[in-house]
Amino acid sequence: QVQLVESGGGSVQTGGSLRLSCAASGWTYSNYCMGWFRQRPGKEREGVASIDSYGHTRYADSVKGRFTISNDNGQNTLYLQMNSLKPEDTAMYYCAADERPPWLQRIFFEPYEYNYWGQGTQVTVSS
């Protein structure tokens with residue numbers, strides 16, 4: 001059974017940094033996508049950054065140049081380094097993962113494309 005557990009959220013001031021972590025257990029897939037999503041109050045869940053098993057990445061335009069997604073395959077851990085944080089980055093951040101068929105090359109970036117989710121970690125950026 002796959003389980004994802006996020007950590008690293010918190011409260012920072014504008015311009016600050018946070019590093020989110022997502023520990024995956026029960027993960028046996030060699031071809032996969034993993035991603036970070038966020039949900040702001042009253043808004044739909046949106047993709048922030050995704051990475052595939054080859055290290056290819058995709059970012060939302062709003063976070064390009066500020067956020068970096070990475071993973072540590074040896075420890076099955078996904079990271080999101082968030083720099084230059086803005087108040088509009090305030091949201092609940094979720095980790096997601098799923099197996100990707102070997103014939104499919106694109107990086108999953110929509111919530112419906114992921115079956116495994118963490119419980120979320122809150123990020124609050126104050127001005």
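In this chain, numbering begins with 1 at the start of the sequence shown. Below, all heavy atoms of this structure are taken into account, side chains as well, without hydrogens, waters or symmetry copies. These figures come from a predicted structure and were not determined experimentally.
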Handout entry: Residues forming a salt bridge (charged side-chain N to carboxylate O under 4.0 Å, His left out) with Arg100, sequence neighbours excluded
Key =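 For Arg100, the residues satisfying salt bridge (charged side-chain N to carboxylate O under 4.0 Å, His left out) (neighbours in sequence not counted) are Asp52.
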Approximate separation, where rounding is to 0.5 Å, of [X] [atom1] and [Y] [atom2]:
X: Gln3; Y: Asn76; atom1: CD; atom2: CG; answer: 13.0 Å
X: Cys95; Y: Leu20; atom1: SG; atom2: CG; answer: 9.5 Å
X: Asn31; Y: Gln105; atom1: CG; atom2: CD; answer: 8.0 Å
X: Asn83; Y: Thr68; atom1: CG; atom2: OG1; answer: 6.5 Å
X: Asp98; Y: Tyr112; atom1: CG; atom2: OH; answer: 12.5 Å
X: Ser62; Y: Glu88; atom1: OG; atom2: CD; answer: 8.5 Å

Problem - Pairing of Lys64 and Asp61 as salt bridge, 4.0 angstrom limit - result: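 Here Lys64 pairs with Asp61 in a salt bridge, since their nearest N and O are under 4.0 Å apart.
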Problem - ring pair (Phe, Tyr, Trp, His ring centres under 6.0 Å) against Trp27, all qualifying residues, sequence neighbours excluded - result: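 Listed in chain order: Tyr29, Tyr32.
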Does [X] use its side chain to pair, donor to acceptor, with the backbone of [Y] at less than 3.5 Å?
X: Thr57; Y: Ile51; answer: no
X: Glu6; Y: Gly120; answer: yes
X: Thr90; Y: Val125; answer: yes
X: Ser50; Y: Gly35; answer: no
X: Thr14; Y: Ser126; answer: yes

Between [X] and [Y], is any pair of side-chain heavy atoms under 4.5 Å apart?
X: Ser17; Y: Met82; result: no
X: Tyr79; Y: Cys22; result: no
X: Arg45; Y: Trp117; result: yes
X: Trp36; Y: Ile69; result: yes
X: Phe67; Y: Asp89; result: yes

So which atom in [X] and which in [Y] form the shortest heavy-atom distance, rounded to 0.1 Å?
X: Ala49; Y: Leu80; result: CB-CD1, 4.1 Å
X: Glu113; Y: Phe108; result: OE1-CA, 3.3 Å
X: Leu85; Y: Leu18; result: CD1-N, 3.9 Å
X: Arg66; Y: Ser84; result: NH1-O, 2.9 Å
X: Ala91; Y: Gln39; result: CB-O, 3.5 Å
X: Ala60; Y: Gly47; result: CB-O, 3.5 Å

Shared hydrophobic cluster, [X] / [Y] (ILVMFWY, side-chain heavy atoms < 4.5 Å):
X: Phe37; Y: Val2; value: no
X: Val12; Y: Val63; value: yes
X: Tyr93; Y: Tyr59; value: yes
X: Val48; Y: Leu78; value: yes

Problem - Counterpart residues, side chain to side chain donor-acceptor pair (under 3.5 Å), relative to Glu46 (two or more places apart) - result: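 Counting only residues at least two positions away or on another chain, Glu46 forms a side chain to side chain donor-acceptor pair (under 3.5 Å) with Arg38, Arg40.
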